[in-house]
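A short worksheet on the structure shown next.
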Amino acid sequence: MADKQQKYRQEIQQMMFVSGEPVEPSPETTAMIEEIVRQQVIEMLRNCTELAARRGARAITINDLIFQIRDDAPKVSRLRTFLSWKDVRKSAKDSDEKGGDADLGVADDAGGAGVMPGGAGPSVEEAAKKNNKKAKVKLPWEPSSYYSQEVPECDEDEDEEEEEMNSITIARLQKADDRTRVMTREEYVTWSEYRQASFTYRKGKRFREWAGFGVVTDSKPSDDIVDILGFLTFEMVQTLTEEAIKIKEHEDLWKERGGENGGVSKKRKLAQGLFDPPSEGKTPVETRHIQEAFRRLQSRPKKSRAMLNGSRLPRHTSLKLI
């Protein structure tokens with residue numbers, strides 16, 4: 001039943017593997033993750049549609065999507081980096097397509113009177129480097145957008161911001177480095193393929209139907225919006241998997257200390273390869289771990305709960321985006 005309803009079982013398995021789950025999860029687990037992610041996407045599209053309606057527009061924009069995760073500064077930073085490099089790749093592709101004409105143009109200018117024989121004009125490499133520079137994505141709710149004049153960008157300030165915001169990314173890269181350090185060539189090729197798993201890449205029609213485009217929102221999504229949703233869905237699966245793994249590790253540690261089956265003798269654990277079958281006692285993440293992870297990620301901060309203490313106002317618990 002779960003296999004017939006699922007559309008992204010293979011992609012979710014690959015994302016969970018990259019997130020640190022080495023054992024193949026059950027169809028029930030991947031089905032639960034897929035449904036959670038789908039509800040998150042629908043909630044984001046519904047909120048974006050409401051924002052667009054408030055300003056009198058029918059189509060949702062990139063800023064509407066980013067506004068939904070504005071409180072998660074590290075995720076916004078990673079998304080801005082993703083969009084910046086996407087723009088760089090697009091500019092590089094356009095420059096490559098026009099490379100032949102640009103070379104001929106520079107050669108003709110070099111032989112003319114408009115450029116000094118010593119080569120005072122800009123070279124092709126300098127022009128390409130200038131065009132392919134990573135642009136910073138600006139958001140309308142940032143304080144810098146309140147003023148007509150822009151503050152000159154400083155590379156050092158940008159580096160400090162990236163170091164501050166990307167701490168989670170650095171931790172994930174460290175875990176990935178620890179896992180891939182002992183991989184063989186074939187294992188690393190598989191790992192690299194799994195890192196490319198996506199809900200949207202070359203699956204645009206399937207994703208639009210799955211996410212509810214045309215039902216939740218009437219606007220036709222642009223390629224940038226689909227790419228952003230693909231980035232965010234991968235982040236959702238990764239966050240759910242990492243939280244579920246932490247819960248399972250605490251559960252296994254509690255069992256080893258005598259919480260359950262305390263009399264079982266401990267056997268010596270042998271070194272095991274990354275793609276070896278699971279050893280005795282090594283089980284995949286189950287649905288209860290995903291449920292508990294989702295419950296913890298949905299918990300509200302104490303500050304928001306304290307605002308309603310002593311009042312008779314009903315506590316509306318809307319869906320919190322992961």
Side-chain angles (χ1 to χ4, degrees), residues 2-3 5-45 65-66 68-69 72 74-79 81-83 166 168-176 179-180 190-204 206-213 221 225-249 274 283-299 319-322:
D3 293 339
Q5 296 179 353
Q6 279 189 272
K7 293 185 178 181
Y8 293 101
R9 169 169 167 75
Q10 182 179 0
E11 288 80 2
I12 291 175
Q13 284 181 340
Q14 295 174 354
M15 293 177 187
M16 293 181 69
F17 177 80
V18 174
S19 303
E21 176 55 59
V23 186
E24 181 179 353
S26 63
E28 290 77 13
T29 302
T30 55
M32 179 176 293
I33 293 178
E34 181 175 334
E35 183 60 27
I36 291 174
V37 174
R38 182 173 179 270
Q39 292 299 326
Q40 294 275 308
V41 173
I42 291 176
E43 182 70 12
M44 292 186 67
L45 293 178
L65 277 176
I66 304 178
Q68 306 303 317
I69 59 172
D72 193 345
K75 184 177 293 186
V76 172
S77 177
R78 293 194 297 272
L79 179 56
T81 303
F82 168 77
L83 294 175
N166 293 339
I168 298 178
T169 303
I170 295 174
R172 287 175 175 175
L173 291 175
Q174 182 63 40
K175 291 181 180 179
R179 293 189 66 194
T180 56
T190 305
W191 166 273
S192 301
E193 293 177 356
Y194 284 4
R195 292 191 68 183
Q196 306 302 319
S198 173
F199 281 76
T200 59
Y201 182 66
R202 295 182 178 177
K203 309 178 187 72
R206 188 206 309 181
F207 180 79
R208 292 182 181 92
E209 296 175 355
W210 177 80
F213 282 100
I225 290 178
V226 174
D227 291 339
I228 291 175
L229 289 175
F231 174 86
L232 293 177
T233 49
F234 188 96
E235 289 271 335
M236 293 173 188
V237 175
Q238 195 169 25
T239 303
L240 274 173
T241 304
E242 291 175 350
E243 189 67 26
I245 290 175
K246 292 179 183 178
I247 296 171
K248 184 178 180 299
E249 289 177 350
L274 181 64
T283 57
V285 170
E286 299 179 5
T287 54
R288 67 176 186 274
H289 303 128
I290 300 297
Q291 289 177 342
E292 177 62 19
F294 182 70
R295 186 193 67 80
R296 294 184 181 183
L297 293 172
Q298 288 294 308
S299 61
L319 184 63
K320 182 180 178 182
L321 298 178
I322 300 177

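Computed from a predicted model, the values in this text were never measured in an experiment.
The 12-atom threshold is exceeded at CZ of Arg206, counting heavy atoms of other residues, nucleotides or ligands nearer than 6.0 Å.
Checking each of Val237, Val41, Leu229 against Phe199 for a side-chain contact (heavy atoms from CB on, under 4.5 Å) leaves exactly one that passes, namely Val237.
Judged by distance alone, the side chains of Gln39 and Glu43 never bring a donor and an acceptor atom under 3.5 Å apart.
Using a 4.0 Å cut-off between charged side-chain N and carboxylate O, Arg296 and Glu292 make a salt bridge. Lys175 and Glu21 are not joined by a salt bridge, as no carboxylate oxygen comes within less than 4.0 angstrom of a charged side-chain nitrogen. In this structure, Arg78 pairs ionically with Glu235, as a charged nitrogen and a carboxylate oxygen lie closer than 4.0 Å.
Atom CD1 of Ile290 and atom CD1 of Ile247 lie 8.0 Å apart (nearest 0.5 Å).
Side chains of Ile66 and Leu83 form a contact here, defined as non-hydrogen atoms less than 4.5 Å apart. At a threshold of 4.5 Å between non-hydrogen side-chain atoms, the residues Asp227 and Phe82 count as touching. At a threshold of 4.5 Å between non-hydrogen side-chain atoms, the residues Pro25 and Gln13 count as touching. In this structure, Glu11 and Tyr201 have side chains that are not in contact, with every pair of non-hydrogen atoms separated by 4.5 Å or more. For the pair Lys248 and Thr283, the minimum side-chain heavy-atom distance is below 4.5 Å.
Lys320 approaches Leu297 most closely through the heavy-atom pair CD-O, 3.5 Å. Contact between Ile245 and Ser19 at its shortest, heavy atoms only, is CD1-O, 4.0 Å. Minimum heavy-atom separation, Pro27 to Arg9: CA-NH1, 3.1 Å.
Between Phe207 and Trp210, the distance separating the two ring centers is shorter than 6.0 angstrom.
Relative to the six-membered ring of Phe17, Arg179 meets both conditions, a distance below 6.0 Å and an angle of at most 45° to the axis.
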